[in-house]
Chemist: 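Okay, here's the structure, questions in a sec.
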There are 2 protein chains.
Amino acid sequence: MIADFASFKSDLSLSKRQICRELYHQNRDLIRVRNEDIAVGNLVRIIDSTLKLAASKGFHAMSLRDLSADCRLSIGGLYAYIRNKDDLLHLIQAHGFMLTRRTLLAYTQDIACPRAKLRTAIKAHIFLSELMQPWFYFSFMETKSLPDVHKKQAIDVELEIEDILFGIIQEGIAQDVFAVEQPRLVASSCKAMMQDWYLKRHKYARQQVKATQYATFVSDVLERYLHPTPKL
Amino acid sequence: MIADFASFKSDLSLSKRQICRELYHQNRDLIRVRNEDIAVGNLVRIIDSTLKLAASKGFHAMSLRDLSADCRLSIGGLYAYIRNKDDLLHLIQAHGFMLTRRTLLAYTQDIACPRAKLRTAIKAHIFLSELMQPWFYFSFMETKSLPDVHKKQAIDVELEIEDILFGIIQEGIAQDVFAVEQPRLVASSCKAMMQDWYLKRHKYARQQVKATQYATFVSDVLERYLHPTPKL
DNA sequence: GTCTATAGCATGATAGAC
DNA sequence: GTCTATCATGCTATAGAC
């Protein structure tokens, strides 16, 4: 179960350094720098800068000169970590996919009650995208311009998330906890609302809405719709 | 009132040619071609091609060579319609803004009942984005890389739409038709679901969901949440 | 009104000094 | 391991022929 945002965060132990250390080991063959500490430190800055620049101008519009300036590495130095610009995409995508899939399944698999399971899935996704907002935003925005193989991967992960939600709703229907004619549409709209949390981060921040509050709201909206006998 | 999709479409008389004719007159100073029929015909192809190419690779990744090839105009010929690549952005944005704002207000302003008003606003937005899907998608995707003035414009239009929804919900609360603690969040989630209709067009097409059906679904979800005494 | 040809420049990528 | 210097490429934008 997820208690609150703070405990979710520490459970995942999602420090940037840790993520980049994993990334470094996954891509040893690609990265020409052997000293782990130096490499990880530079990776953190490279990825931070890429997500930042891509968020403001788009990945394609960002030049490697922009990037090298922002992450305080020379062009030459940068090329010790990637062979080309597409490697950057791959580097950033790979870890996010793994983490999303892993997290969502881990938190939902042991829950029997469909209502609790749905609430948990929503909470887990919103908390995760809160911690990794730049990654989620990047992934959504750049998917369309990915080379075919990576594009398919990205779309598959998206569908997988929706299928998890869909599955939970169907369980609920089977157990007579939920009653609804178009369960697939409910899953889609759930996805849409969760998506808005990382796409329109600024808007919600201005309204001073917190992740926990938003998760509760989304769950409430869906539950009212899914409930078979609304408060008789 | 909106009867069905077909009548909405003919009411709006949204032929590409007509939109481009308006665009041509709005930008007479910019466009160096004096023969209206030729100019309008070429504008249709230029904009069609831009929306198409930008949707698949992103606006920045699309070169003017790609564009000129796709719209069957030489590079030189293309430059009779725009001074530079940014003019293209402006050309495409301007008309969409006007149309969205105008349509939403026109269909909602004379409705007194908040419930009917909300349903109509949702329907109008979904129908409009169905007719202009490539434009809505483009606008969403490219807003971030717009020059500051145009970026502000784009964000303002977005907020305006949300404010219209918010206003309707507040009217409903004042009239005791709706009861809800966080009306702003309801407006946001409404926007998020309407947005998904044009962002994930392919997904809904695969599920064979039609615009009318989707509009009804979104309205139902929100109404169940907004209703003060759920089916007592 | 549209074409072809090309100027001028910024970019991704590499090679070799430190 | 990182830097500076440089190359080849592909881009936007223009000039002048038709």
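A, B, ... follow the sequence lines: proteins, then strands. Residue 1 opens every chain. Every heavy atom of this structure was used, including side-chain atoms; hydrogens, water molecules and symmetry mates were not. This structure is a prediction, so every number in the text was calculated from the model and none was measured.
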Chemist: Apply ring-ring contact (aromatic ring centres under 6.0 Å, His included) to A:Tyr137 and A:Tyr198, showing your working.
Modeler: CA-CA 6 Å; A:Tyr137 186 84; A:Tyr198 56 84; 8.1 Å; no
Chemist: On DNA chain D, check which nucleotide each of B:Ser63 and A:Ala80 is closest to and give me the residue with the more 5' one.
Modeler: A:Ala80
Chemist: Among the candidates C:dG1, C:dC3, C:dG12, find the nucleotide nearest to the side-chain atoms of B:Val33.
Modeler: C:dG1
Chemist: Considering only side-chain heavy atoms of B:Arg34, which listed nucleotide, C:dG12, C:dG1, C:dC3, is closest?
Modeler: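 From the listed options, C:dG1 comes nearest.
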Chemist: Give the nucleotide from the list C:dG1, D:dG1, C:dT14 with an atom nearest to the side chain of A:Ile38.
Modeler: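 Given the options C:dG1, D:dG1, C:dT14, the side chain of A:Ile38 is closest to D:dG1.
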Chemist: Parallel, tilted or perpendicular: which describes the rings of B:Phe138 and B:Phe59, with under 30° parallel and over 60° perpendicular?
Modeler: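 The arrangement is perpendicular - the two ring planes meet at more than 60°.
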Chemist: Say whether B:Glu142 and B:His60, considering side chains only, have a donor N or O and an acceptor N or O under 3.5 Å apart.
Modeler: no
Chemist: If I take atom CZ in residue A:Phe59 and atom C1' in nucleotide C:dT11, what distance separates them, rounded to the nearest angstrom?
Modeler: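 So the two atoms are 14 Å apart, to the nearest Å.
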Chemist: Using OP1 and OP2 only, check whether a side-chain N or O of A:Tyr81 sits under 4.0 Å from D:dT2.
Modeler: yes
Chemist: Can you tell which of D:dG1, D:dT14, C:dT2 lies closest to the side chain of B:Tyr79?
Modeler: D:dT14
Chemist: For a quick check, tell me whether the side chain of A:Arg65 and the base of C:dG12 share a donor-acceptor pair closer than 3.5 Å.
Modeler: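 Check passes, donor-acceptor contact within cut-off.
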Chemist: Which nucleotide wins on minimum distance to the side chain of A:Asn35, given the candidates D:dG1, C:dG1, C:dT14?
Modeler: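 Closest nucleotide to the A:Asn35 side chain: D:dG1.
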Chemist: Compare the minimum distances between each of D:dT2, C:dA13, C:dC3 and the side chain of A:Asn42, then state the nucleotide with the smallest one.
Modeler: D:dT2
